[in-house]
Amino acid sequence: MTKQELFNQITQKSSYLCVGLDTDLNRIPKHLLKAEDPLFEFNKQIIDATIDYAVAYKPNIAFYEAHGVKGWESLQKTIEYIPKEAFTIADAKRGDIGNTSNMYARAFFDAMNFDSITVAPYMGEDSVKPFLEFDNKWVILLALTSNAGGKDFQNLSLEKGGELYEEVLSKSQEWGSDEELMYVVGATRAEALQNIRKIVPDHFLLVPGVGAQGGSLEEVSKYGMNKHCGLLVNSSRGIIYADDSVDFAKTAGVKAQELQTEMEGFLAKFL
Ligand SMILES: O=C(O)c1cc(=O)[nH]c(=O)n1[C@@H]1O[C@H](COP(=O)(O)O)[C@@H](O)[C@H]1O
């Protein structure tokens with residue numbers, strides 16, 4: 001999917017919502033455990049209930065690989081089920097020496113046909129570039145993450161000035177354009193967004209951390225939005241586990257719609 005196509009989806013749905021499919025057998029409604037493939041059955045119903053309000057879906061790969069071969073099958077079925085209009089993110093946080101990164105890229109881009117993958121920048125240019133060699137696919141590089149430990153390294157001051165996450169943002173622009181590279185910025189780090197927009201004014205940002213982690217959608221939208229919206233705001237638990245009864249999907253749809261309605265307002269105000 002191109003940047004323009006993504007922006008078109010955002011405009012059509014008045015939404016920049018990404019639904020996180022962090023699907024956990026211990027948290028899904030008990031009646032689904034009898035299904036042949038509970039992970040897929042849950043995802044299918046969540047996707048059906050939220051597709052009118054969401055422009056992206058982000059299965060977190062850990063939740064599938066935890067179940068071995070069966071989990072990978074559930075993931076494959078899920079990615080095939082997601083309507084083509086939606087942007088898909090393999091939240092895998094990969095990155096390794098070049099030939100290994102190439103294999104990771106083939107796994108998620110060729111074998112599973114995801115639109116994008118999250119990548120850790122720690123091993124540098126030759127670990128990220130293999131992911132950028134695929135046409136029409138995106139790398140989403142971790143910049144400033146939502147967790148408390150993100151500060152351990154990402155906010156370290158560099159001798160030449162600036163902090164490590166700022167160097168990730170500026171250096172990586174030498175590797176790929178804003179048509180193939182996005183960045184992860186946690187919603188809990190919204191105070192940094194004005195500064196981030198000075199370094200990457202045109203890139204899309206994947207922003208997890210609203211809902212369960214307490215980030216503010218309003219602040220993220222106010223300081224993070226650019227002329228192409230430039231935001232995909234993820235919520236996982238706040239949507240998919242809002243209700244553990246047989247009505248879980250209906251409630252997930254309501255939660256997604258609530259976020260979409262807020263987003264519609266912010267698009268009118270800040271775009
Ligand atoms: O790359 C991510 O998606 C990610 C980066 C980050 O800094 N923080 C973060 O929470 N995430 C992911 O975003 C999702 C957040 O889930 P909820 O807190 O339940 O909405 C999880 O799948 C996390 O792995």
Side-chain angles (χ1 to χ4, degrees), residues 16-28 39 42-43 46 50 53-66 71 74-75 78-79 82 87-95 104 108 114-122 128 131 138-155 163-165 168-169 172 181-193 196 203-217 219-220 224 231-244 248 251-252 255-256 258-260 262-263:
Y16 40 102
L17 177 63
C18 172
V19 174
L21 298 172
D22 301 21
T23 307
D24 179 350
L25 285 183
N26 293 318
R27 295 203 61 178
I28 68 175
L39 291 180
F42 179 82
N43 288 349
I46 292 283
T50 56
Y53 315 113
V55 294
Y57 288 89
K58 181 174 78 67
N60 186 315
I61 305 309
F63 288 74
Y64 302 88
E65 59 190 353
S74 307
L75 178 63
T78 299
I79 186 74
I82 295 172
F87 185 75
T88 52
I89 301 167
D91 187 5
K93 299 186 178 70
R94 299 298 150 106
Y104 280 138
F108 292 102
F114 275 95
D115 290 312
S116 67
I117 181 174
T118 54
V119 172
Y122 196 69
V128 175
F131 293 99
W138 293 78
V139 166
I140 310 182
L141 207 56
L142 299 182
L144 197 58
T145 59
S146 65
N147 58 321
K151 295 190 173 121
D152 289 344
F153 299 124
Q154 295 158 18
N155 289 108
E163 296 183 6
L164 186 56
Y165 83 90
V168 169
L169 293 171
S172 59
L181 201 53
M182 303 186 185
Y183 298 98
V184 172
V185 177
T188 53
R189 313 299 305 272
E191 80 287 348
L193 275 168
I196 287 171
H203 288 71
F204 261 86
L205 305 177
L206 170 64
V207 185
V210 298
Q213 297 180 52
S216 154
L217 177 61
E219 275 185 36
V220 165
L231 296 171
L232 290 174
V233 173
N234 180 83
S235 176
S236 305
R237 288 167 294 179
I239 292 177
I240 67 175
Y241 302 132
D243 178 357
D244 65 0
F248 73 97
T251 311
K255 291 287 168 198
E258 281 170 11
L259 284 169
Q260 181 273 325
E262 280 188 66
M263 288 175 176

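Counting starts at 1 for both ligands and their atoms, in listed order. What's counted below: heavy atoms across the whole structure, side chains too, no hydrogens, waters or symmetry copies.
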S.K.: Looking only at distances, please establish whether an N/O atom of ligand 1 is found under 3.5 Å from an N/O atom of Ser235.
M.R.: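 Checking ligand 1 against Ser235, no N or O pair falls under 3.5 Å apart.
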S.K.: Just to confirm my output: which protein heavy-atom neighbour is closest to atom 7 (O) of ligand 1, and how far is it?
M.R.: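 So the nearest neighbour among protein heavy atoms is Ser146 N, 2.8 Å.
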S.K.: Which residue and atom name correspond to the protein heavy atom nearest atom 15 (C) of ligand 1, and how close is it?
M.R.: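 Here the nearest protein heavy atom works out to Gln213 NE2, 3.5 Å.
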S.K.: Can you name the closest pair of heavy atoms from Ser146 and Thr188 and give their distance?
M.R.: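 Closest heavy-atom pair between Ser146 and Thr188: O-OG1, 2.9 Å.
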S.K.: Quick one: nearest non-hydrogen protein atom to atom 21 (C) of ligand 1, plus distance?
M.R.: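 Here the closest protein heavy atom is Asp22 OD2, 3.1 Å.
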S.K.: Which label fits Tyr122 and Phe153: parallel for a plane angle under 30°, tilted from 30 to 60°, or perpendicular past 60°?
M.R.: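 Plane angle between 30° and 60°, so tilted.
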S.K.: Using the side chain to side chain contact (heavy atoms under 4.5 Å, CB included) criterion, which residues pair with Asn147? Sequence neighbours excluded.
M.R.: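 Once residues adjacent in sequence are excluded, the partners of Asn147 under the side chain to side chain contact (heavy atoms under 4.5 Å, CB included) criterion are Thr145.
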S.K.: Polar-atom distance check: Asn147 versus ligand 1, any N or O pair below 3.5 Å?
M.R.: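 Asn147 vs ligand 1: no N/O contact under 3.5 Å.
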S.K.: Which protein non-hydrogen atom lies closest to atom 20 (O) of ligand 1, naming both residue and atom, and how far is it?
M.R.: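 Here the nearest protein heavy atom works out to Ser236 N, 2.9 Å.
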S.K.: What residue and heavy atom of the protein are closest to atom 23 (C) of ligand 1, and at what distance?
M.R.: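 Ranking protein heavy atoms by distance from atom 23 (C) of ligand 1, first comes Asn60 ND2, 4.0 Å.
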S.K.: Using 30° and 60° as the class boundaries, would you call the ring planes of Tyr104 and Phe131 parallel, tilted or perpendicular?
M.R.: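 The arrangement is parallel - the two ring planes meet at less than 30°.
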S.K.: Taking only residues two or more places apart in sequence or in another chain, which ones pass side-chain hydrogen bond (donor to acceptor under 3.5 Å, both in side chains) with Glu258?
M.R.: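 Partners of Glu258 under the side-chain hydrogen bond (donor to acceptor under 3.5 Å, both in side chains) test: none.
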S.K.: Write out the residue and atom name of the closest protein heavy atom to atom 12 (C) of ligand 1, then the distance separating them to 0.1 Å.
M.R.: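 Ranked first by proximity to atom 12 (C) of ligand 1 is Lys58 NZ, 3.5 Å.
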S.K.: Side chain or backbone of Val184 under 4.0 Å from ligand 1, or both, or neither, by non-hydrogen atoms?
M.R.: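 Under 4.0 Å from ligand 1, Val184 contributes side-chain atoms alone.
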S.K.: Among protein heavy atoms, which sits nearest to atom 2 (C) of ligand 1, and what does the distance come to when rounded to 0.1 Å?
M.R.: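 Closest protein heavy atom to atom 2 (C) of ligand 1: Lys93 NZ, 3.2 Å.
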S.K.: Please work out, at 4.0 Å between heavy atoms, whether the side chain, the backbone, both, or neither of Asn234 comes within that distance of ligand 1.
M.R.: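 The side chain, only.
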S.K.: Which atom pair, heavy atoms only, marks the closest approach of Tyr183 to Val168?
M.R.: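 Shortest heavy-atom separation between Tyr183 and Val168 comes out as CE2-O, 4.4 Å.
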S.K.: Looking at Glu163 and Arg189, does any basic side-chain N land under 4.0 Å from a carboxylate oxygen?
M.R.: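 Not counted as a salt bridge, because no side-chain N and carboxylate O are separated by less than 4.0 Å.
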S.K.: So which protein heavy atom does atom 19 (O) of ligand 1 come closest to, and at what separation?
M.R.: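 Of every protein heavy atom, Arg237 NE, 2.6 Å lies nearest to atom 19 (O) of ligand 1.
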